[in-house]
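Quantities reported herein were computed from a predicted structural model and do not represent experimental measurements. Starting from 1, each residue takes its place in the sequence as its number.
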Amino acid sequence: MRIKNFDLDDFGCFRRARLQNVDDGLTVIAGPQRAGKTTFMEAVRHLGYGIPRGNGLPPATDQYDLTADVVVDGAEYELALTGYGDPALAPVNGAPDRALSDVFGNLGPAQYQQLFTISLDELRRLPTSLDDNVSLSAILLGAAYGDVLKIPQIQESFSDRAKSIGGKHGRSVYDLKGPISEIQSGVEARDAAVAQVDEHDRKQAARDDVNSRIAELDEEIADLTTEQTRLNTVLTEYEEFETLQELNLELDGADLDKVDAFPTDQLDRARQLQSQLAEGQEELTTAEEEFARQVSAEDHEAYRDRVLDATSTIRAYNREIAGWRERVNSVQEQRSELAKERRKLRSQAADLQPGWDGESLLDRVRDIETDLFSRDEVRSITRSCEDLKSELDEVERNLNEKTARHEQLVQEIDTAADSSSEASHTLRDQLPVAAGGTVVALIVGSAVGVVGGAIPGVVITLVITLIAGAYAASRLEFESLEVDGVSVETLRADKRSLTADIEGLRSRKADLETEYSTATEQLDSLREKLGLTDDTSPAAVREFYADISSLRDDLTTLEGDVEAFDEKEDALRSDLAAAAETMSELGVLDTDDIDPLEDAEKLFATIENTEDDLDLAQAVTTAQRTVTSRKDDLRDLLADWDDAPDLTTADSATVVRTVDQFLERGESVTELVEAREQRDEIRVRLKRRLTASAIEPAFESYRDSEDDDDDWALAAFERVVEEYADREAIEERLDTIRETTESIESERSDCVEDRVELTNELEELASDDDVREAHATIEAGRRRLEPLAEEYATSRIAEYLLNELHERFIDRTTGPLLDEASEIFARITDNAYTEVDSTNEFDNLDFQSVLADGQTQRTAELSRATAEQLFLAIRLARIRRHESSLPVLLDDSMTNFDPAHHVRTLQTISELADTNQVFLLTCHPELLERVDTHTDSAQYWGLDDGQFDGPYSEPDEPCELLEPTWS
């Protein structure tokens, strides 16, 4: 079973924590102290068994809620645990129904927890988490043998009962003391009363004969029991002994020196290189075929060499394609824009001069010397002409109007009357008035001057004089001629004014005509330069000049752009021509048939196709290098093989053929090595079992006096086997022994009865009263003694049988387990310890560790780290032998190990991950680094504050959660 997904929705510190897509092999969960690692282990422990109440587990927030997707034999199930209920196993996707107990290999909760979920504390001799009713021996030795585990308690109870009856040896002590003393006193009384008679002697002799026969029968029974033990042992080990003989026969004809000299450690590497060579050759063939199929060149190899030589150039061209394509598009777009602009300018020129030839429009524009006139000068000439013409027209109009008026006035004045009437009050009539006013003014002024001063007098005089003069003037009246109500004098004044105006206008006209003639000459010259007709108005000239100047400027700009474009186009064409020339040299493009710029897309496609060819060529080259490298590696590897031919100059076929011979020889050597190892293991196991204290005496009679070493037991075993044709003969002999033993025991029982009868008869030979009294005493003691003696004997026999049973059980149970534990323990300790054995104390199981020098140490004599390594080895051996592959949890179980032991232990755990899903819980970053370095593969998870983070293929992320604690 393996856990695929695990949801810890409510368990201790976990709230909706998720482990998704957990790896089948080794999974490392790293987190700091109190991150939840131990809580996670408790969750896995109880997932398949339920959570008992009051067991000190981390509490739930609401109720325990665990759900896991598990895979069993390829089928998927959902395993859910809610609250304190029983776990529920539900099939998924049509998986077959399966009992939860079958999934967990019928292990009880304590057995699963102590074997498959191992913490540092539980690597001690007696884990504190074990129940009082479950011994460590039950956990490590299988814990699946029912009442057999009660043998030590039953054996101890029989022993205690026997001791309470008659002590250790059944003497006259404890409960036996009273009856035996009573019998002894009766016997003494009887002996004293019985006379020594012939009958007594005869009976005594007969009883002695019976006792002698009983001793003979006991000896026969003992011999038969020894033979039965010997043959039972032979029968038990018969198949393994046959295997040993077959292995000896297989190894007898082998040259073991060559076997030992053969470099078996290179076999895996040779297979790997052979496979890589085959793959490389296949890839090379595929690459060559693909290259030949893709390219069109006739000489593929020559073309491939040319392409590979131009690798950097082809790669550079392909990197340039995007830029080139953009430049080509830019050139095409710019060419179109320039053509469009030229058409626009031609259209504008045609609009300006419809009479110009369509083909030479822009040339005509370019030929116009607009630079001979400035824009301001053209504006001045045209404006001057317009202004002078306008002013000249205005002067002519005014002159004409004033001349006509002048002629009219002359006519009106000539036709007016020549006479005029006298005024009604002449000047002579008004003189007296003026003189009188003057006199009055002098008089009054003088008077005022006398009174007020000279100045006021003068002022008064002047005022009065002015008043008198004004009055006299107002009294004057004049008589004049009129025309239509206008006096002739007014008309004459108007005539004089018009005459002056006409003279001025005529003078201005002359000046204007001169200025206008000069301006017109300039305008005509301008028209001629601009190619305009003589009747073109100044405004039209001015507008034409502005338009033609703008058009010429645009044309100049266009011609500059065209020149820049031509340079740009030439540069691009040059770049593309170089690329086309390279493609031509490679033989993939004919430059005579294309224009590099106009056929740019064809060139680009050729370059891209050539890069595809380059990729295929490089694939061929890479495959060739791989094949060559693998061949060189194989040559180097085969150099360590003594029987290998000289491959220095060998071709590929010879190398491949030699590798096949090497691997074929390696398989034979491996089989011989495995056969020798198996033979040695069988010999060790047989010798250990045959020299056991309960078995060794049965073979002692077959021991050759010359056999001084430990191999005598195997030789004796072989001699016993040789006495019999086959297993059936041994079984028939055992049947005969059982029948003979039953017959002898029956005869012995009869002899015992005879002995009792003779004894009774001897007792009756005493005197009546004394003998009867003595017999009564003896009988009373016998009646008391008999049940006690029977119970004592029964207890001792039961104790003996139980001891034999548990020794055989321990031997058969611990043998394979401890063999495997020895191998793991030796590997972890780098062979400092070579073997693990048990003390065979079933009720108080302990283990003996055998050092390399043969010394033994019990668990209490080991250092803490070594003891942890010992019990880890035993647990891992027990896990390996269990028929169900269940998840294994290791919670910082290697904290006390040094780095070297760490590495070897991690390698062992990595091998266990091939068959079991393994969770390694730790808070030590150094352990993560060693896992990454010394295991084939592992999945890493971070755990902090009850939440998982992962998975990761590298330990870097989880390491950030941890602080270094040891090295």
Side-chain angles (χ1 to χ4, degrees), residues 226-227 229-265 267 641-643 662-734 808 811-812 814-823 826-827 831 834-837 850 852 854 881:
T226 298
E227 184 179 4
T229 300
R230 182 168 59 248
L231 294 180
N232 277 329
T233 302
V234 169
L235 199 60
T236 300
E237 309 299 339
Y238 194 87
E239 290 183 0
E240 195 157 32
F241 183 76
E242 283 184 332
T243 302
L244 178 61
Q245 289 181 315
E246 292 172 357
L247 293 173
N248 284 330
L249 183 62
E250 180 181 354
L251 294 170
D252 284 345
D255 187 348
L256 296 182
D257 291 335
K258 281 194 173 183
V259 169
D260 293 333
F262 188 86
T264 54
D265 57 330
L267 287 174
W641 183 29
D642 296 338
D643 295 339
F662 176 77
L663 293 175
E664 183 178 355
R665 181 73 59 82
E667 291 178 0
S668 300
V669 169
T670 301
E671 291 175 358
L672 290 173
V673 170
E674 292 175 351
R676 183 170 59 185
E677 292 176 353
Q678 185 181 5
R679 179 196 65 184
D680 294 343
E681 291 175 359
I682 292 175
R683 287 176 61 85
V684 170
R685 286 198 294 271
L686 282 176
K687 284 194 293 184
R688 184 173 65 247
R689 294 170 189 174
L690 294 176
T691 56
S693 58
I695 304 299
E696 183 177 358
F699 290 88
E700 195 68 42
S701 60
Y702 285 82
R703 182 170 186 169
D704 194 327
S705 59
E706 296 180 357
D707 294 334
D708 296 330
D709 55 13
D710 293 338
D711 290 339
W712 74 266
L714 291 176
F717 188 93
E718 187 174 2
R719 294 187 188 102
V720 175
V721 173
E722 289 174 352
E723 290 182 1
Y724 299 91
D726 50 27
R727 292 174 58 97
E728 287 74 11
I730 296 174
E731 292 173 349
E732 289 176 0
R733 176 56 186 162
L734 284 172
R808 179 175 296 182
D811 185 63
R812 292 185 177 179
T814 59
L817 172 66
L818 295 182
D819 288 343
E820 194 155 358
S822 298
E823 183 265 332
R827 180 176 182 180
N831 292 316
T834 60
E835 186 178 358
V836 178
D837 204 349
V850 182
R881 294 184 60 80

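Partners of Arg727 by side chain to side chain donor-acceptor pair (under 3.5 Å), not counting sequence neighbours: none found. Applying the side-chain contact (heavy atoms from CB on, under 4.5 Å) test to Ser668 and every residue at least two apart in sequence or in another chain returns nothing. Taking the side-chain contact (heavy atoms from CB on, under 4.5 Å) definition, one finds that Glu674 meets it with Thr670, sequence neighbours left out. In this structure Arg733 satisfies the side chain to side chain donor-acceptor pair (under 3.5 Å) test together with Glu227, sequence neighbours excluded. In this structure Gln678 satisfies the side-chain contact (heavy atoms from CB on, under 4.5 Å) test together with Thr243, Leu247, Ile682, sequence neighbours excluded. Shown here are the side-chain contact (heavy atoms from CB on, under 4.5 Å) partners of Asn248, two or more places apart in sequence or in another chain: Leu244, Arg679. Glu240 pairs by the side chain to side chain donor-acceptor pair (under 3.5 Å) definition with Arg685, Arg689, not counting sequence neighbours. Judged as a side chain to side chain donor-acceptor pair (under 3.5 Å), and not counting sequence neighbours, the contacts of Glu823 are Arg880.
Between the side chain of Asp726 and the backbone N or O of Ala729, at least one donor-acceptor pair lies under 3.5 Å.
Between the CG atom of Leu672 and the CD atom of Glu677 there is a distance of 11.5 Å, given to the nearest 0.5 Å. Going from atom CH2 of Trp712 over to atom CD of Glu700 covers 4.5 Å, rounded to the nearest 0.5 Å.
Annotation for Pro697 and Ala692: closest pair CD-O, 4.4 Å, computed over non-hydrogen atoms. In this structure, Asn831 and Ala852 approach most closely via the heavy-atom pair O-CB, 3.7 Å. Minimum interatomic distance between Val836 and Ser822 (heavy atoms only, all atoms of both residues): N-OG, 2.7 Å. A pairwise comparison of heavy atoms in Arg230 and Ala698 identifies NH1-O, 2.6 Å as the closest pair.
The shortest side-chain heavy-atom distance between Arg688 and Asp819 falls under the 4.5 Å cut-off.
Among pairs with a residue in residues 237-258, those fulfilling ring pair (Phe, Tyr, Trp, His ring centres under 6.0 Å) read Phe241-Phe717, at least two apart in sequence or across chains.
Within a 6.0 Å sphere centred on CD of Glu664, heavy atoms belonging to other residues, nucleotides or ligands number 12 at most. When the shell of 6.0 Å around CD of Glu722 is examined, it contains more than 12 heavy atoms from other residues, nucleotides or ligands.
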Under the criterion side-chain contact (heavy atoms from CB on, under 4.5 Å), I'd like the reasoning laid out for Phe699 against Thr233: C-alpha separation, chi angles, the key distance, then a yes or no.
CA-CA 10 Å; Phe699 290 88; Thr233 302; 4.0 Å; yes

Mind running side-chain contact (heavy atoms from CB on, under 4.5 Å) on Leu231 and Val720 for me, showing each step along the way?
CA-CA 8 Å; Leu231 294 180; Val720 175; 4.2 Å; yes

